[in-house]
Amino acid sequence: MKTLFSGLLAILISISANAETVDKKNPYDMIQKVADITFSRFKNEQANIKQNPNLLKTIVREELLPYIDYRYAAFKVIGKNLKKTTDAERKAFVPVFKDYLVTSYAQVFTLYNNQVVEFEPAKKLGKSKIVAVNTRVIEPGRDPIDISFKVRKNRKKNEWKAFDMIAEGVSLLDSKQAELSSIIRQKGLPHVTDMLKEKAERDVVFKNNGQS
């Protein structure tokens, strides 16, 4: 599991960067061009991060979030329960789900260990609305990890944003949907919103360093 998270971490790092420097018109270019920028920032702030792990949440908000279609992901998690929810409930759920993603990704960042990512060559996009950018994570002493990064095109803005990652054949979004679907059905979306809000407010910790 740790190896899988380490691979996921490398992909998360590789898709984030300063919004002014990233071209969202092509998903392959977006992912590849931002890698060096974000790795550089993350390495430069390691000392401060060790002192204050919650700084990782700030980095995620500033660098990663602009490229995540968290609203689309939130609605995918609601899934078949959508018709059983109200507009007000959904509006309350989306920002909490966003904060939950920030904390979740920030926690994954604690496993950063100079992983190297190989990107597949860019493909012709054609009229595709959703594409998968395939990558391979290389870490000395371990087998390579295959991770597919799914991005979706907003046709109105002609921009691409991420909404899911498939690590070693496991969709993170599908896993979260499976975890929460029955709870939404049985206890309602407001209950899940409160549950995720509590998780989103948790501190980031370096568990692998013996911290609790």
Side-chain angles (χ1 to χ4, degrees), residues 7-35 37-38 56-83 85 87-109 117 119-120 122-123 125-135 147-167 170-181 184 189 192-193 196-197 199-200:
L8 171 59
L9 166 68
I11 301 303
L12 289 175
I13 293 174
S14 298
I15 63 171
S16 56
N18 188 291
E20 295 181 355
T21 66
V22 176
D23 180 10
K24 297 179 183 178
K25 306 299 182 182
N26 184 293
Y28 300 98
D29 291 344
M30 179 182 72
I31 291 175
Q32 294 185 40
K33 289 180 180 179
V34 301
I37 298 173
T38 307
L56 289 170
K57 291 187 181 184
T58 300
I59 294 176
V60 171
R61 286 189 182 279
E62 293 178 355
E63 309 292 1
L64 179 62
L65 206 58
Y67 310 102
I68 297 293
D69 192 345
Y70 58 83
R71 185 178 185 275
Y72 181 77
F75 273 64
K76 289 280 287 184
V77 166
I78 297 173
K80 296 180 180 180
N81 295 301
L82 190 66
K83 293 182 178 180
T85 65
D87 182 61
E89 290 173 345
R90 294 190 293 271
K91 286 182 178 179
F93 176 73
V94 170
V96 170
F97 184 76
K98 176 185 68 176
D99 291 341
Y100 169 74
L101 286 180
V102 168
T103 298
S104 298
Y105 289 168
Q107 185 61 52
V108 173
F109 271 136
V117 182
F119 301 94
E120 71 168 350
K123 299 178 180 179
L125 296 174
K127 296 182 179 180
S128 300
K129 184 179 179 180
I130 294 177
V131 301
V133 179
N134 298 320
T135 66
I147 295 183
S148 180
F149 191 66
K150 298 187 73 174
V151 291
R152 174 176 175 268
K153 184 178 183 179
N154 183 315
R155 296 192 181 280
K156 292 182 179 180
K157 296 183 179 180
N158 192 32
E159 293 181 347
W160 294 82
K161 284 191 174 184
F163 71 92
D164 192 17
M165 280 171 284
I166 301 176
V170 179
S171 164
L172 299 182
L173 191 59
D174 287 350
S175 297
K176 185 54 59 179
Q177 183 184 50
E179 175 188 339
L180 298 177
S181 180
I184 295 174
L189 188 59
V192 172
T193 300
L196 293 187
K197 183 177 181 181
K199 292 183 177 182

Worksheet item: Under 3.5 Å, side chain of Glu120 to main-chain N/O of Asn134, donor-acceptor pair present?
Response: yes
Fill in: Sub-4.5 Å side-chain heavy-atom contact between Leu65 and Tyr105
no
Discussion item. Ignoring hydrogens, what is the shortest heavy-atom contact between Ala106 and Leu56? Give both atom names and the distance.
Written reply: O-CD1, 3.4 Å
Practice prompt. With sequence neighbours left out, write down each residue that passes side-chain hydrogen bond (donor to acceptor under 3.5 Å, both in side chains) with Arg61, or none if nothing qualifies.
Written response: Asp99
Worksheet item: Does the side chain of Val192 come within less than 4.5 Å of Phe93's, by heavy atoms?
Response: yes
Item to complete: Could you tell me whether the side chain of Asn81 and the main chain of Ile184 form a donor-acceptor pair under 3.5 Å?
Response: no
Worksheet item: Between the side chain of Trp160 and the main-chain N/O of Lys25, is any donor-acceptor distance below 3.5 Å?
Response: yes
Worksheet item: Partners of Ser128 by side-chain hydrogen bond (donor to acceptor under 3.5 Å, both in side chains), sequence neighbours excluded?
Response: none
Worksheet item: Is any side-chain heavy atom of Arg90 less than 4.5 Å from a side-chain heavy atom of Leu82?
Response: yes
Worksheet entry | Set of side-chain hydrogen bond (donor to acceptor under 3.5 Å, both in side chains) partners for Lys161, sequence neighbours left out | none
Worksheet item: Does CZ belonging to Phe163 count more than 12 external heavy atoms closer than 6.0 Å?
Response: yes
Item to complete: Write down the atom of Ala162, the atom of Val151, and the distance for their closest heavy-atom approach.
Response: CA-CG1, 3.8 Å
Worksheet item: Is Thr103 reaching over with its side chain to a backbone N or O of Tyr100, donor-acceptor style, under 3.5 angstrom?
Response: no
